[in-house]
Amino acid sequence: MKIMRAGERPCKLANPEWFAGRVWQERVVEAEAPARLRALKVTFEPEARTAWHTHPLGQTLHVLSGVGLVGLRGEPPKVIRPGDTVWIPPGAEHWHGAAPDSQMCHLAMQEADDAGRVADWLDQVSEAEYRRTTR
């Protein structure tokens, strides 16, 4: 058993190649093999978001606070709120982030494949794609 105490995990700014705007990431767990679970607490400032990406084994998002958006390629983004949980299937091109007028914090959970890969990063989300919100 291993206890990871609050305040002992580093919080860092997310890689700007994969995110737009200010996004903070705090690793919650990176389980050792044979487990595959990876989880991050991710906090987005208003309008901040991920780039398009996929996950080889899918991803689950659980919104902790604020108002966010999640979009699949070719579809208008959907609004997500505290308590909402989103399942994104393996290989689905998607993005997620904060709404224009709110920060958003979610727990992002995904599993690593046999090579240790958890995500494949693609192009940045355009302003037009971000602003296509459905309510």
Side-chain angles (χ1 to χ4, degrees):
M1 179 169 66
K2 181 178 180 181
I3 298 173
M4 294 160 274
R5 302 279 181 204
E8 293 178 355
R9 298 180 297 256
C11 187
K12 64 176 187 158
L13 277 173
N15 185 332
E17 291 181 36
W18 303 334
F19 294 83
R22 287 177 60 89
V23 179
W24 294 93
Q25 295 178 313
E26 179 183 339
R27 184 176 13 181
V28 173
V29 66
E30 190 166 314
E32 297 176 18
R36 299 173 174 235
L37 180 64
R38 308 290 189 267
L40 294 168
K41 179 180 165 189
V42 186
T43 304
F44 299 83
E45 291 187 358
E47 296 190 7
R49 55 196 178 261
T50 68
W52 288 104
H53 61 286
T54 64
H55 296 277
L57 299 175
Q59 182 179 49
T60 300
L61 305 174
H62 181 75
V63 182
L64 301 171
S65 64
V67 179
L69 303 170
V70 60
L72 290 175
R73 185 80 78 173
E75 296 181 14
K78 308 284 191 278
V79 175
I80 51 177
R81 293 184 170 82
D84 290 350
T85 301
V86 180
W87 163 246
I88 300 146
E93 291 187 13
H94 70 285
W95 66 271
H96 34 99
D101 55 355
S102 177
Q103 77 169 24
M104 189 267 294
C105 179
H106 67 43
L107 186 62
M109 298 164 277
Q110 51 277 322
E111 293 179 287
D113 67 9
D114 291 337
R117 184 174 53 106
V118 296
D120 291 307
W121 293 97
L122 308 168
D123 51 308
Q124 291 288 340
V125 174
S126 71
E127 279 298 310
E129 291 167 323
Y130 176 76
R131 304 271 175 210
R132 274 183 70 190
T133 306
T134 59
R135 298 246 174 224

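Below, all heavy atoms of this structure are taken into account, side chains as well, without hydrogens, waters or symmetry copies.
Judged by distance alone, with hydrogens and angles left aside, the side-chain atoms of E75 form no donor-acceptor pair with the main-chain N or O of L72 at under 3.5 Å.
A salt bridge links R22 with E45: the distance from a Lys NZ or Arg NE/NH1/NH2 to an Asp or Glu carboxylate oxygen falls below 4.0 Å. A salt bridge is defined here as a Lys NZ or Arg NE, NH1 or NH2 lying under 4.0 Å from an Asp or Glu carboxylate O, and R36 with D114 meets this definition. We find that R27 and E30 are joined by a salt bridge, their nearest charged nitrogen and carboxylate oxygen being less than 4.0 Å apart.
Among the candidates P77, P76, S102, the single residue satisfying the side-chain contact (heavy atoms from CB on, under 4.5 Å) test with L69 is P77.
Every residue two or more places apart in sequence or in another chain that forms a salt bridge (charged side-chain N to carboxylate O under 4.0 Å, His left out) with E127 is listed here: R49, R131.
Across every non-hydrogen atom of A31 and A35, the tightest pair is CB-CB, 3.6 Å. Nearest heavy atoms, C105 versus T43: SG-OG1, 3.4 Å. Taking both residues in full, the closest heavy atoms of E17 and N15 are given as N-OD1, 2.8 Å, listed atom of the first, atom of the second, then distance. When all heavy atoms of V79 and D84 are compared, the closest pair comes out as O-OD2, 4.4 Å. Nearest heavy-atom pair, P56 versus A119, reported as atom, atom and distance to 0.1 Å: CD-N, 4.0 Å. Taking all atoms of both residues into account, the shortest heavy-atom contact from R38 to V118 is CG-CG1, 3.6 Å.
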Inset, instruction - Might you work through the side chain to side chain contact (heavy atoms under 4.5 Å, CB included) test for V29 and L37, ending with a clear yes or no? - result: CA-CA 7 Å; V29 66; L37 180 64; 3.9 Å; yes
Inset, instruction - List the steps, then state whether side chain to side chain contact (heavy atoms under 4.5 Å, CB included) holds for T50 with W18. - result: CA-CA 6 Å; T50 68; W18 303 334; over 6 Å; no
Legend entry - V86 and T60: CA distance, side-chain angles, deciding distance, side chain to side chain contact (heavy atoms under 4.5 Å, CB included) verdict: CA-CA 6 Å; V86 180; T60 300; over 6 Å; no
Inset, instruction - For the pair W121 and F19, evaluate ring pair (Phe, Tyr, Trp, His ring centres under 6.0 Å) and give the outcome as yes or no after the intermediate values. - result: CA-CA 10 Å; W121 293 97; F19 294 83; 5.5 Å; yes
Inset, instruction - Kindly determine whether W52 and V125 satisfy side chain to side chain contact (heavy atoms under 4.5 Å, CB included), including the steps that lead there. - result: CA-CA 6 Å; W52 288 104; V125 174; 3.8 Å; yes
Donor-acceptor pairs are to be reported for all side-chain atoms of residues 90-100 against protein atoms at under 3.5 Å, with residues two or more places apart or in another chain.
unit_1	atom_1	unit_2	atom_2	d
E93	OE1	R73	NE	2.6
E93	OE1	R73	NH2	3.0
H94	ND1	H53	O	3.1
H94	ND1	A92	O	2.9
H94	NE2	H53	NE2	3.1
H94	NE2	Q59	OE1	3.1
H96	ND1	H106	NE2	3.0
H96	NE2	H53	NE2	3.3
H96	NE2	Q59	OE1	3.2

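A heavy-atom distance below 4.5 Å is not found between the side chains of V42 and W24.
Taken together through direct or relayed side-chain contacts under 4.5 Å among Ile, Leu, Val, Met, Phe, Trp and Tyr, M104 and I88 form part of one hydrophobic cluster. At a threshold of 4.5 Å between side-chain heavy atoms, the hydrophobic network of Ile, Leu, Val, Met, Phe, Trp and Tyr places M109 and V70 in two separate groups.
Separating the OG atom in S65 from the CZ atom in R81 is a distance of 13.5 Å, to the nearest 0.5 Å. To the nearest 0.5 Å, atoms CG (D113) and CG (L57) are separated by 6.0 Å. Expressed to the nearest 0.5 Å, how far CD of Q25 lies from CZ of F44 amounts to 8.0 Å. Note that the CG atom of L122 and the OG1 atom of T54 stand 5.5 Å from one another [nearest 0.5 Å]. Rounded to the nearest 0.5 angstrom, L61 CG and I80 CD1 are separated by 6.0 Å.
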